[in-house]
Amino acid sequence: MQMYVDYTYYENYTRCSDTPLIYKDSWNYWERMAEGEIDKRTMGRLKKDSGLITESVKDCICEIAEFLFRANEFETQAREQGGAGLLTSYSNDGESGTFDLSQSVYTEEGKARKIREIIYRYLAFSGLLYTGV
C-alpha cells in the first residue's frame, strides 16, 4: 500500500524548525497513524482516489504525525515520572505530586479535538470533509 507522504516530503516540510521532529526509521508508523485520522474524517476518499492527495493533504498529514509523535513523547515522559500528566506541584517531605491534565491537548479528548482542528485548518474548503448527499 502506498503512503500518502514519504519521508523526503516530510523532511522538506518546514514549519517552525529546521530539523525533522520524527526520525526516518519511525516515520512510516507516524505517517500511517496520521493517514488513519484523515481517512476517518474524509470517509476514505483519499484511499479511493490518490489524485485527491494535494499539498494541503500532505502538509496536514505531516502536522498530525508530528502532533501524535509529541503526544506519545509526552505520555512516555509522564509515565516515567510516575504520573499521568504535567507535574504542577510536588511536596518533598510527604512525597506527593499533583498532575494537571485539565488543559492538556494530550488527553484522548484533547488529542481528538486538536486533530480535528488541524484537519479543518488544511481541508475545510477542499470538499474532502463533505458528508452530505
Side-chain angles (χ1 to χ4, degrees):
M1 179 177 274
Q2 182 180 352
M3 297 173 59
Y4 295 169
V5 180
D6 62 20
Y7 193 76
T8 303
Y9 185 92
Y10 172 65
E11 281 182 310
N12 294 322
Y13 167 78
T14 54
R15 289 189 317 115
C16 299
S17 66
D18 294 330
T19 58
L21 181 63
I22 304 170
Y23 295 113
K24 187 174 186 170
D25 61 344
S26 62
W27 171 249
N28 289 353
Y29 174 78
W30 295 109
E31 193 275 346
R32 291 279 186 221
M33 297 295 286
E35 267 185 39
E37 294 295 333
I38 287 180
D39 285 341
K40 282 190 280 189
R41 286 165 183 85
T42 62
M43 294 180 285
R45 288 183 179 105
L46 300 172
K47 284 192 182 302
K48 295 173 189 167
D49 183 359
S50 63
L52 296 173
I53 302 172
T54 62
E55 193 169 306
S56 291
V57 170
K58 290 179 179 184
D59 290 349
C60 184
I61 288 173
C62 290
E63 188 168 341
I64 292 171
E66 284 191 345
F67 172 73
L68 292 171
F69 178 82
R70 279 192 303 274
N72 183 65
E73 293 288 306
F74 174 83
E75 291 164 0
T76 301
Q77 182 181 11
R79 272 193 309 275
E80 288 171 357
Q81 291 177 355
L86 296 171
L87 183 63
T88 56
S89 66
Y90 187 78
S91 173
N92 190 12
D93 192 43
E95 286 293 324
S96 65
T98 304
F99 298 91
D100 180 19
L101 282 177
S102 62
Q103 302 299 316
S104 178
V105 295
Y106 300 126
T107 62
E108 289 306 310
E109 181 181 314
K111 284 193 293 190
R113 184 175 42 251
K114 180 67 175 175
I115 290 168
R116 277 192 310 271
E117 289 172 10
I118 294 168
I119 290 172
Y120 187 78
R121 185 170 359 109
Y122 284 97
L123 306 179
F125 301 107
S126 68
L128 291 169
L129 303 177
Y130 181 69
T131 58
V133 250

Salt-bridge test for K24 and E11: reply yes if a basic N is under 4.0 Å from a carboxylate O, no otherwise. no
May I ask you to check whether E66 and Y10 show a side-chain donor-acceptor distance below 3.5 Å? yes
Listed partners of R41 passing side chain to side chain donor-acceptor pair (under 3.5 Å), at least two apart: E37
In the structure I gave you, are the side-chain heavy atoms of E75 and K111 within less than 4.5 Å of one another anywhere? yes
CD1 of I115 to CE of M33, rounded to nearest 0.5 Å, is 8.5 Å
Looking at A34 and A65, what are the two nearest heavy atoms and their distance? CB-N, 3.7 Å
Would you say the side chain of P20 lies within less than 4.5 Å of the side chain of W27, judging by non-hydrogen atoms? no
OG on S56 to CZ on F125, rounded to 0.5 Å: 12.0 Å
Within the distance-only criterion (no hydrogens, no angle test), does the side chain of D49 pair as donor or acceptor with the backbone N or O of R45 below 3.5 angstrom? no
Examine the side chains of Y9 and D59 and answer whether a donor and an acceptor come within less than 3.5 Å of each other. yes
I want to check something: taking the side chain as every heavy atom from C-beta on, are Y13 and E63 in contact at a cut-off of under 4.5 Å? yes
Roughly how far, to the nearest 0.5 Å, is the NZ atom of K40 from the CD atom of E35? 13.0 Å
Kindly compute the distance separating CZ (R32) from CD1 (I61), expressed to the nearest 0.5 Å. 10.0 Å
What is the minimum heavy-atom distance between L21 and R70, and which atoms define it? CD2-NH1, 3.4 Å
Is there side-chain contact between V57 and T42, with heavy atoms separated by less than 4.5 Å? no
Mind checking whether L129 and M43 sit in one hydrophobic cluster, side chains of I, L, V, M, F, W, Y counted as touching below 4.5 Å? no
Identify, with sequence neighbours excluded, every residue that meets side chain to side chain donor-acceptor pair (under 3.5 Å) alongside D39. Y4, K47
From N28 CG over to D6 CG, what is the distance, rounded to the nearest 0.5 angstrom? 9.5 Å
pair C60-I38: side-chain heavy atoms closer than 4.5 Å: yes
Which ring pair (Phe, Tyr, Trp, His ring centres under 6.0 Å) pairs, counting each pair once, include a residue from residues 53-72, with sequence neighbours left out? W30-F69, F67-Y106
